[in-house]
Novice: 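First, the structure itself, so that you have it in front of you.
What you see below is based on every heavy atom in this structure, not just the backbone, and it leaves out hydrogens, waters and symmetry mates.
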Amino acid sequence: MQEARGAAPRLMAAASTDDVGDVRRTVEEKPVVVVGRRGCCMVHVARRLLLGQGANPAVLEVADDADPAALVVALRSSSVNSAKGVVDAYGAAPVATMAATARHAAFPAVFIGGKLVGGLDRLMAMHIAGELVPVLKQAGALWL
């Protein structure tokens with residue numbers, strides 16, 4: 001299949017501490033990142049949805065034995081440590097939010113603007129509700 005846009009960067013990572021650092025750096029540097037297992041059809045769907053909106057997501061492929069909950073907790077731990085006592089948009093404390101996220105974490109995990117959006121189901125819900133394009137614009141993933 002021929003792409004009209006340039007190919008999204010594909011990076012390989014695993015669940016080790018060094019690789020979590022690589023994933024963290026990519027999430028901080030790129031406006032849109034999709035993290036999932038190699039060859040996962042759900043990663044492909046998330047990527048195609050984002051490409052269809054005009055964003056060019058970076059795709060991080062993790063090892064087959066990678067634990068999505070551990071990866072999400074590792075990615076969020078630095079922000080929780082720096083935001084003690086802060087309450088999120090839903091009124092939950094960051095540690096409680098982190099625990100809830102870890103319980104529901106699944107691949108693919110979509111990050112927009114350095115923040116975890118959720119999985120493919122949340123990404124599609126945002127698209128259907130008309131929330132995706134404004135979030136992509138705010139993250140700098142769209143020019144118009």
Novice: On a heavy-atom basis, which atom in L136 and which in Q53 lie closest, and how many Å separate them?
Specialist: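 In terms of heavy atoms, the two residues are closest at CD1-CB, 4.0 Å.
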Novice: Looking at side-chain heavy atoms only, is the closest gap between L123 and L50 below 4.5 Å?
Specialist: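 Yes, at least one pair of side-chain atoms sits under 4.5 Å.
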Novice: Looking only at non-hydrogen atoms, find the nearest pair between L142 and A55 and report the distance.
Specialist: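 Smallest interatomic distance, heavy atoms only, reads CD2-N, 3.6 Å.
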Novice: Enumerate the residue pairs fulfilling salt bridge (charged side-chain N to carboxylate O under 4.0 Å, His left out) with a member in residues 124-144, sequence neighbours excluded, ordered by first and then second residue.
Specialist: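 Those involving residues 124-144 are R122-E131.
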Novice: Calculate, to the nearest 0.5 Å, the distance between atoms CG and NE2 belonging to L120 and H44 respectively.
Specialist: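 It comes to 11.5 Å.
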Novice: With a 4.5 Å cut-off on side-chain heavy atoms, are V59 and E61 touching?
Specialist: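 Heavy-atom side-chain distance check passes, below 4.5 Å.
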Novice: If every non-hydrogen atom of A58 is compared with every non-hydrogen atom of T26, which pair is closest and at what distance?
Specialist: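 Smallest heavy-atom distance, with atoms named: CB-CG2, 4.4 Å.
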Novice: Report the distance from atom CZ of F111 to atom CD of E28, rounding to the nearest 0.5 Å.
Specialist: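 Answer rounded to 0.5 Å: 11.0 Å.
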Novice: Once you round to the nearest 0.5 Å, how far does NZ of K30 lie from CG of N56?
Specialist: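 Interatomic distance, K30 NZ to N56 CG, rounded to 0.5 Å: 9.0 Å.
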Novice: Grab the two heavy atoms, one from G36 and one from V43, that are nearest each other, plus how far apart they are.
Specialist: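 Closest pair (atom of G36, atom of V43, distance): CA-CG2, 3.6 Å.
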Novice: Do the non-hydrogen side-chain atoms of L60 and V34 ever get within less than 4.5 Å of each other?
Specialist: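 SC-SC contact between L60 and V34 ruled out.
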Novice: Quick one: are V33 and I112 in side-chain contact, heavy atoms under 4.5 Å?
Specialist: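 No. Closest side-chain heavy atoms not under 4.5 Å.
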